[in-house]
Amino acid sequence: MSPIEQPSTPQTEAELLDRAQALAGLTLGELAQQAGIVPPPDLRRDKGWVGQLLEWHLGATAGSKPVPDFIELGIELKTIPIGYHGKPLETTFVCVAPLIGLHGLDWQHSHIKHKLAKVLWIPVEGERDIPLADRHVGSPLLWQPSEEEEQQLRQDWEELMDMIVLGQVEQITAKHGEVLQLRPKAANNKALTEAYGANGQPIKTLPRGFYLKTHFTAAILAKHFII
DNA sequence: GTCTGATCATAA
DNA sequence: TTATGATCAGAC
């Protein structure tokens, strides 16, 4: 057996798209075999497995660094689990929400705006009754937020950040926001980080992340594939 | 059936 | 602990 090398990094957007398109229709089992790895029985203990498998095939290099998957192209790769009805099964994690040091932070300079500036979505069958190795990869979609989409994101972001600045982070639930929600993003409920309390004093709370609601990502996919 | 809060693995 | 990659699973 010769060692398996990761495919090279695409140099252009077109090349990345071509290569993503070439993966469409294949199963995760086939892709795992090409990468020389064995699919886990389920994703319970490997929630990021699908995303990392696709990153490998497309030659993403960022690893766990806080930069886009394809640095040169400024493109972020996201896999999205799809149900039998063609709609996303899960919300999409975007990034962790800053809870302190927010003075002067606005939407234009937010981490989330930059994360979502250009995203390569790759739908993957996600129904739990389909064995992981048998799930098919779908057609990729390169997306940039429309003005309307960005406006929706910005509005929710500003509402949520206002609450965080006012020390109301613990009053925020997943119901806040139309397209963007704030939910815990942690290893467990013992992992704490610093935030503002109601009176401006520091408190310890669960790290939070921004997630795109399924109806928002469903609309993105629908706009591209159904029209 | 859907949603929300909780959780899992790994690297640095 | 924070960053990456997300899905699980009980509540509703």
Side-chain angles (χ1 to χ4, degrees), chain A residues 6 9 20 28 31-32 35 37-71 75-101 110-112 114-116 119-133 135 137-138 156 160 163 169-195 202-218:
Chain A
Q6 182 185 18
T9 301
L28 297 182
L31 294 180
I37 57 180
V38 178
D42 57 56
L43 297 177
R44 226 172 316 178
R45 290 177 174 274
D46 298 88
K47 299 182 197 287
W49 188 81
V50 178
Q52 285 161 0
L53 179 64
L54 272 292
E55 283 184 352
W56 186 90
H57 276 275
L58 294 175
T61 53
S64 65
K65 293 191 286 291
V67 295
D69 296 301
F70 299 97
I71 310 175
I75 294 175
E76 177 72 19
L77 173 68
K78 290 214 165 289
T79 58
I80 184 163
I82 300 297
Y84 294 124
H85 44 46
K87 292 197 296 185
L89 287 170
E90 295 286 349
T91 53
T92 300
F93 170 71
V94 183
C95 63
V96 170
L99 300 181
I100 54 169
S110 67
H111 194 183
I112 186 169
H114 294 291
K115 267 277 181 187
L116 295 177
V119 179
L120 181 66
W121 298 98
I122 300 190
V124 177
E125 285 180 334
E127 293 286 0
R128 291 184 206 177
D129 61 7
I130 305 176
L132 191 55
R135 298 182 190 174
V137 174
D156 285 348
L160 293 167
M163 291 186 72
V169 64
E170 299 195 313
Q171 275 65 60
I172 298 175
T173 72
K175 293 185 182 62
H176 288 85
E178 287 299 317
V179 300
L180 197 64
Q181 59 184 189
L182 194 76
R183 310 212 313 269
K185 163 63 175 175
N188 54 57
N189 66 1
K190 305 292 184 276
L192 300 177
T193 192
E194 199 153 272
I203 61 170
K204 286 290 190 177
T205 191
L206 235 39
R208 312 299 162 104
F210 288 115
Y211 294 78
L212 299 177
K213 294 193 173 188
T214 53
H215 74 79
F216 184 74
T217 48

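Computed from a predicted structure; not experimentally measured. Chain letters run A, B, ... following the sequence lines, proteins first and then strands; every chain starts at 1.
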Which heavy-atom pair separates [X] from [Y] by the least distance, and what is that distance?
{"X": "A/Thr91", "Y": "A/Lys213", "answer": "CG2-CA, 4.1 Å"}
{"X": "A/Ile122", "Y": "A/Ala20", "answer": "CD1-CB, 4.3 Å"}
{"X": "A/Leu99", "Y": "A/Leu206", "answer": "CD1-O, 4.2 Å"}

5' priority, DNA chain B, between A/Ala187 and A/His85 [closest heavy atom]: A/His85
Along DNA chain B (nearest heavy atom to each residue), the more 5'-positioned of A/Leu182 and A/Lys87: A/Lys87
Pair of N/O donor and acceptor under 3.5 Å linking C/dA6 base with A/Arg44 side chain: no
Measure from the side chain of [X], starting at C-beta and using heavy atoms only, and say which of [options] lies closest.
{"X": "A/Leu43", "options": "C/dC8, B/dA6, B/dT4", "value": "C/dC8"}
{"X": "A/Gln52", "options": "B/dT7, C/dG5, C/dA9", "value": "C/dG5"}
{"X": "A/Lys175", "options": "B/dA6, B/dT4, C/dA3", "value": "B/dT4"}
{"X": "A/Thr173", "options": "B/dT4, C/dG5, B/dG5", "value": "B/dG5"}
{"X": "A/Ala174", "options": "C/dA9, C/dT4, B/dG5", "value": "B/dG5"}

Validation row: A/Val96, A/Phe210 side chains within 4.5 angstrom (heavy atoms): no
Can you find a side chain N or O atom of [X] that sits less than 4.0 Å from OP1 or OP2 on [N]?
{"X": "A/Asn188", "N": "B/dC8", "answer": "no"}
{"X": "A/Arg45", "N": "B/dA9", "answer": "yes"}
{"X": "A/Lys115", "N": "C/dA3", "answer": "no"}
{"X": "A/Thr91", "N": "C/dA6", "answer": "no"}

CD/A/Gln6: more than 12 non-hydrogen atoms of other groups inside 6.0 Å: yes
Take the protein atom [atom1] of [X] and the nucleotide atom [atom2] of [N], then report the distance between them rounded to whole Å.
{"X": "A/Phe216", "N": "B/dT2", "atom1": "CZ", "atom2": "C1'", "answer": "20 Å"}
{"X": "A/Leu53", "N": "C/dT4", "atom1": "CG", "atom2": "P", "answer": "20 Å"}
{"X": "A/Gln181", "N": "B/dT2", "atom1": "CD", "atom2": "P", "answer": "15 Å"}
{"X": "A/Lys185", "N": "C/dT1", "atom1": "NZ", "atom2": "P", "answer": "15 Å"}
{"X": "A/Leu132", "N": "B/dA9", "atom1": "CG", "atom2": "P", "answer": "16 Å"}
{"X": "A/Lys47", "N": "B/dA11", "atom1": "NZ", "atom2": "C1'", "answer": "19 Å"}
{"X": "A/Glu76", "N": "C/dA6", "atom1": "CD", "atom2": "P", "answer": "8 Å"}
{"X": "A/Phe93", "N": "C/dC8", "atom1": "CZ", "atom2": "P", "answer": "17 Å"}

Short side-chain to backbone donor-acceptor contact, A/Glu127 and A/Tyr84, under 3.5 Å: yes
Degree of bending, the helix from B/dG1-C/dC12 to B/dA12-C/dT1 (end axes from five pairs; round to 10°): 30°
Partner of A/Val137 by side-chain contact (heavy atoms from CB on, under 4.5 Å), out of A/Leu31, A/Leu53, A/Thr79: A/Leu31
No-hydrogen, no-angle side-chain donor-acceptor test under 3.5 Å, A/Arg183 and A/Thr173: no
Touch class at under 4.0 angstrom, heavy-atom based, for A/Gly48 against every strand present: base
Sugar-phosphate, base or nothing in reach of A/Asp46, heavy atoms under 4.0 Å: nothing
5' precedence on DNA chain C between A/Leu192 and A/Ile80 (nearest-nucleotide basis): A/Leu192
Upstream residue (5' side of DNA chain C) when A/Glu90 and A/Leu77 are each assigned their closest nucleotide: A/Leu77
Separation between NZ of A/Lys115 and CG of A/Leu212, rounded to the nearest 0.5 Å: 11.5 Å
